[in-house]
J.: 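This is the structure I have questions about; it appears just below.
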Amino acid sequence: MASSHSSSPVPQGSSSDVFFKKEVDPAKHTRPVQSLPDVCPKEPTGDSNSLCVAPSLVTDQHRWTVYHSKVNLPAALNDPRLAKRESDFFTKTWGLDFVDTEVIPSFYLPQINKEHFTAYQQEISQREKIHERCKNICPPKDTFDRTLLHTHDKSRTDLEQVPKIFMKPDFALDDSLTFNSVLPWSHFNTAGGKGNRDAASSKLLQEKLSHYLDIVEVNIAHQISLRSEAFFHAMTSQHELQDYLKKTSQAVKMLRDKIAQIDKVMCEGSLHILRLGLTRNNCVKVYNKLKLMATVHQTQPTVQVLLSTSEFVGALDLIATTQEVLQQELQGIHSFRHLGSQLCELEKLIDKMMIAEFSTYSHSDLNRPLEDDCQVLEEERLVSLVFGLLKQRKLNFLEIYGEEMIITAKNIIKQCVINKVLQIEEIDTDVVVKLADQMRMLNFPQWFDLLKDIFSKFTVFLQRVKATFSIIHSVVLSVLDKNQRTRELEEISQQKNTAKDNSLDTEVAYLTHEGMFISDAFSEGELAPLAVDTTSQRNASPNSEPCSSDSVSEPECTTDSSSSKEHTSSSATPGGVDIIVSEDMRLTDLELGKLANNIQELLYSASDMCHDRAVKFLMSRAKDGFLEKLNSTEFITLSRLMETFIVDTEKICGRRSMSLLGALQSQANKFVNRFHEERKTKLSLLLDNERWKQADVPAEFQDLVDSISDGKIALPEKKSGATEERKPAEVLIVEGQQYAVVGTVLLLIRIILEYCQCVDNIPSVTTDMLTRLSDLLKYFNSRSCQLVLGAGALQVVGLKTITTKNLALSSRCLQLIVHYIPVIRAHFEARLLPKQYSMLRHFDHITKDYHDHIAEISAKLVAIMDSLFDKLLSKYEVKAPVPSACFRNICKQMAKMHEAIFDLLPEEQTQMLFLRINASYKLHLKKQLSHLNVINDGGPQNGLVTADVAFYTGNLQALKGLKDLDLNMAEIWEQKR
């Protein structure tokens with residue numbers, strides 16, 4: 001121990017082994033006695049201050065100090081056995097890096113050379129010279145040191161005589177090797193007559209060992225003599241030290257008594273209160289923990305109750321909350337070690353139950369009577385199921401609904417057919433077993449009613465599917481919206497937390513009593529305001545007294561709800577059911593967006609599926625050519641029904657399905673082909689039986705023409721009674737003009753109107769109808785040309801000849817068709833797309849062909865008279881009587897021609913035709929006069945010709961409508977040269 005008394009020994013700190021000595025006078029320059037460094041044991045040295053900082057056995061007995069160090073790192077790495085370490089896999093590479101690695105010089109330290117010390121050497125050189133001179137003049141007095149050093153060297157030399165084996169720390173004679181080394185057996189062997197020499201050797205060994213003992217004893221005595229002064233000083237100061245210890249013990253006892261009194265009076269009560277507070281808090285925590293355990297224990301029965309009422313979302317939320325509580329707050333509770341796995345299995349069971357429940361709901365929703373007005377079946381149940389499936393990431397539930405839709409669509413058609421067949425008494429279901437064969441036995445009105453019923457039920461079916469998908473879609477959008485708002489709140493919260501962390505600098509203090517933290521109180525105080533909402537919700541019942549008894553326990557009161565801190569948001573479905581979205585939805589925005597797209601695609605597929613089933617129904621009925629046998633009215637009615645269904649489904653689903661539209665187009669093409677072939681065949685038969693005589697015009701045809709004049713291209717409705725009283729007219733009046741026509745043209749006009757009306761009824765066949773109508777008009781033009789101009793009617797009908805009246809009538813019929821071609825063109829142009837206007841060129845080609853045909857007929861009429869003029873005038877002779885027989889015949893033929901065509905052709909066309917005939921007459925007359933050498937010389941022949949021409953002119957102008965005709969007969973005479 002150390003003491004502050006002046007007479008106590010003062011230890012002097014030294015790095016080498018020193019001894020204790022009395023305090024000497026500072027004026028005396030006596031060097032302390034130095035001991036041998038390798039013999040004297042280490043003792044604490046130094047003054048009182050240095051002694052205080054030395055290692056203490058009491059205070060530092062459990063703390064590691066440098067005195068515990070045994071081996072340093074370089075010694076371990078620079079193992080001299082490195083070459084032998086290669087066989088050891090784990091240590092063979094130790095120390096390699098320490099040998100070869102070079103230390104990279106620092107960039108921040110300059111390179112030191114001799115030039116850096118030049119200034120210092122110049123400064124210290126003068127002092128060094130003075131020091132050397134003084135050293136030579138006054139040599140140091142180190143007599144004592146030399147003597148002491150000589151003594152130390154002599155002791156070391158003596159000790160070196162002693163073998164090293166005696167100096168080993170593990171020296172023990174019980175070791176056989178050590179014993180044999182110290183006492184060789186050869187010195188004790190008496191056999192072989194060498195006893196005297198062995199005895200001498202033994203004696204010599206004994207003397208040698210005695211000498212070693214003497215050397216050791218001398219050195220020990222020398223060391224003791226060196227420390228005799230300190231030994232005797234310690235003995236003399238022992239009594240004084242005991243007095244100091246006694247006083248110190250009494251002072252310590254008094255101090256302890258005072259501390260005990262202070263502890264009893266001032267601290268014990270307060271600490272007891274703190275302990276009671278901590279104990280109370282711990283009891284509250286244990287109570288809350290037990291309540292939480294009791295609540296968790298009731299999880300499975302509660303889940304069973306929720307599942308019995310199909311509350312899958314509530315059951316899943318409860319399971320998730322319980323699992324979170326087990327992992328965070330009840331971790332390590334032995335009684336709940338199997339509850340987590342049981343809840344996982346229960347969750348898997350709920351997944352299967354939800355899928356089965358959704359399948360059952362889909363079946364019930366889609367197979368309920370279509371007459372039910374309710375669009376969505378049990379909307380709350382659907383919302384609950386969808387939320388549960390989304391919560392568990394079971395996104396394939398739409399496939400279940402899609403499969404159920406396919407089955408329902410098949411059943412709708414099947415049930416409709418069964419109901420319709422049962423209403424028809426003519427169908428014997430016992431004889432005709434197959435449902436498809438029974439359906440084919442229906443006539444068109446019955447089958448049409450069946451198709452109408454199927455379409456109406458398909459429409460209701462799609463409306464229900466859309467309503468259901470709208471609910472599912474609203475749920476998905478609600479979850480997506482909640483995810484987005486949650487992210488926004490998290491970003492705001494992170495910004496606030498960052499600002500708070502920058503502005504606050506909290507210090508954590510520790511309370512060592514019972515291992516508790518003072519910071520717990522502060523953290524609990526901070527958490528209390530944050531947990532007010534949750535605490536107030538849970539403490540609303542009277543059973544929560546422990547939670548409200550102390551503010552310290554308030555955070556613990558939220559234990560059973562802390563694991564399920566769900567911020568919820570509410571919205572409403574289209575049906576008015578509130579949607580409450582929790583935060584624990586584990587779906588990403590990408591998955592939710594994809595699911596929303598899948599819902600819309602499934603709605604499209606529902607529409608496509610209904611159309612596909614309708615197409616199969618149509619094709620099954622069309623196997624026996626039923627649809628191709630429909631008349632125009634029936635097919636148009638069917639087409640309108642299908643187009644109405646297509647439009648309705650497009651309005652419901654938002655996209656037009658093409659399968660039924662394609663089937664309708666295919667049937668429409670077949671209908672157009674059959675429609676055109678029937679009318680072309682009919683026209684061909686009419687033309688083949690046409691005798692090309694003027695026909696009477698029934699009143700209905702006049703009404704038909706009148707309706708066209710009013711801008712309405714459609715077949716007029718038949719009027720009962722009034723039509724029968726009206727007599728047929730001789731001509732057809734079109735916009736004030738009279739058209740004498742044959743019966744075929746009247747029917748052709750009606751056929752043309754049928755084409756136009758078919759385009760109005762079936763817009764999709766406009767282009768096909770235009771092509772077919774063009775073909776029909778071309779056929780009429782070419783066939784009429786063959787029969788009239790080509791005289792085909794002579795063989796086909798049996799006419800004796802083709803008269804001028806036949807030709808004029810044919811020309812007038814063509815003119816009537818040409819009159820209506822612009823009207824037909826405008827009708828089709830209004831129903832074509834702009835990119836299809838190029839097809840209207842067919843009407844231009846047809847108009848040109850018809851005009852060419854009319855011109856050919858006019859030329860034919862002129863040619864008839866031309867041949868007549870050539871025949872008659874070639875025999876003309878200028879002689880009496882006047883008028884001559886030739887001119888009488890010409891006038892007679894001209895009168896017949898006028899009589900034949902005047903009632904058929906308009907007056908303007910008649911005049912133009914007779915002008916052309918007159919030109920031909922003048923040409924032939926001029927030729928004949930030139931042949932007869934008759935000139936306009938006023939002679940007798942000239943007078944006879946003039947009289948015949950005047951007769952011709954008078955008769956021609958006497959004809960009806962030709963009075964003002966400019967004949968210009970002076971052209972018959974050649975001009976005088």
J.: Who passes salt bridge (Lys or Arg N to Asp or Glu O under 4.0 Å) against R640, sequence neighbours left out?
T.: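 R640 satisfies salt bridge (Lys or Arg N to Asp or Glu O under 4.0 Å) with no residue once adjacent residues are dropped.
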
J.: Tell me every residue that passes side chain to side chain donor-acceptor pair (under 3.5 Å) with S659, counting only those two or more places apart in sequence or in another chain.
T.: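 Testing S659 for side chain to side chain donor-acceptor pair (under 3.5 Å), a comparison that skips the adjacent residues, returns D612.
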
J.: Suppose we screen for salt bridge (Lys or Arg N to Asp or Glu O under 4.0 Å). Which residues come up paired with D453, at least two apart in sequence or across chains?
T.: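 So D453 forms a salt bridge (Lys or Arg N to Asp or Glu O under 4.0 Å) with K457.
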
J.: Strictly by side-chain hydrogen bond (donor to acceptor under 3.5 Å, both in side chains), give each pair with a member in residues 353-362 just once, sequence neighbours left out.
T.: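 As it turns out, the side-chain hydrogen bond (donor to acceptor under 3.5 Å, both in side chains) pairs with a partner in residues 353-362, which skip direct neighbours, are E357-R381.
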
J.: Regarding N669 and Q665, do their side chains bring together a donor and an acceptor under 3.5 Å, going by distance alone?
T.: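 N669 vs Q665: donor-acceptor pair found between side chains.
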
J.: Scan side-chain atoms only and decide if N597 and E601 contain a donor-acceptor pair under the 3.5 Å cut-off.
T.: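 E601 and N597 do not have a side-chain donor-acceptor pair below 3.5 Å.
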
J.: Please verify the inter-ring angle class for F458 with F645; under 30° counts as parallel, over 60° as perpendicular, anything in between as tilted.
T.: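 The rings of F458 and F645 sit tilted, inter-plane angle from 30° to 60°.
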
J.: List in chain and number order the residues that pass salt bridge (Lys or Arg N to Asp or Glu O under 4.0 Å) with K670, two or more places apart in sequence or in another chain; answer none if no residue qualifies.
T.: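 Result, salt bridge (Lys or Arg N to Asp or Glu O under 4.0 Å) vs K670: E628.
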
J.: For H842, does the NE2 atom sit with more than 12 other heavy atoms under 6.0 Å from it, leaving out its own atoms?
T.: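 Counting other residues, nucleotides and ligands, NE2 of H842 exceeds 12 neighbours.
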
J.: For F444, give me all partners under ring-ring contact (aromatic ring centres under 6.0 Å, His included), at least two apart in sequence or on another chain.
T.: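 Result, ring-ring contact (aromatic ring centres under 6.0 Å, His included) vs F444: F448.
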
J.: Applying ring-ring contact (aromatic ring centres under 6.0 Å, His included), can you list everything that pairs with F397, at least two apart in sequence or on another chain?
T.: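 ring-ring contact (aromatic ring centres under 6.0 Å, His included) check on F397 returns F358.
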
J.: What side-chain donor-acceptor pairs closer than 3.5 Å can you find for residues 832-839, not counting sequence neighbours?
T.:
from: Q836; atom 1: OE1; to: L833; atom 2: N; distance (Å): 3.2

J.: Any side-chain to backbone donor/acceptor pair from N781 onto L777? Under 3.5 Å, distance only.
T.: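 Checking the backbone N and O of L777 against the side chain of N781, no donor-acceptor pair under 3.5 Å is found.
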
J.: To the nearest 0.5 Å, what is the distance between CD1 (I472) and CG (L389)?
T.: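 Output value for this atom pair is 9.0 Å.
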
J.: Which residues pass the side chain to side chain donor-acceptor pair (under 3.5 Å) test with Q463, not counting sequence neighbours?
T.: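 Side chain to side chain donor-acceptor pair (under 3.5 Å) list for Q463, sorted by chain: empty.
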
J.: Using ring-ring contact (aromatic ring centres under 6.0 Å, His included) as the criterion, list what pairs up with Y820, not counting sequence neighbours.
T.: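 Expected list: none.
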
J.: With sequence neighbours excluded, tell me which residues meet ring-ring contact (aromatic ring centres under 6.0 Å, His included) with Y779.
T.: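 Applying ring-ring contact (aromatic ring centres under 6.0 Å, His included) to Y779 gives none.
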
J.: Where do C653 and Q600 come nearest, in terms of heavy atoms and distance?
T.: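 So the two residues come closest at O-NE2, 3.5 Å.
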
J.: Please walk me through it: do D775 and K680 pass salt bridge (charged side-chain N to carboxylate O under 4.0 Å, His left out)?
T.: CA-CA 9 Å; D775 180 67; K680 188 175 181 180; 3.2 Å; yes

J.: Looking at F675, is R679 sitting on its ring face, NZ or CZ under 6.0 Å from the six-membered ring centre and within 45 degrees of the normal?
T.: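 Because its charged atom sits under 6.0 Å from the ring centre and within 45° of the axis, R679 does stack over F675.
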
J.: For K848, enumerate each residue passing the salt bridge (Lys or Arg N to Asp or Glu O under 4.0 Å) test, keeping only those at least two apart in sequence or located in another chain.
T.: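 Salt bridge (Lys or Arg N to Asp or Glu O under 4.0 Å) check on K848 returns D852.
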
J.: Kindly indicate whether the side chain of S364, heavy atoms from C-beta on, has any atom under 4.5 Å from the side chain of R368.
T.: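 Side chain of S364 against side chain of R368, heavy atoms only: no contact under 4.5 Å found.
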
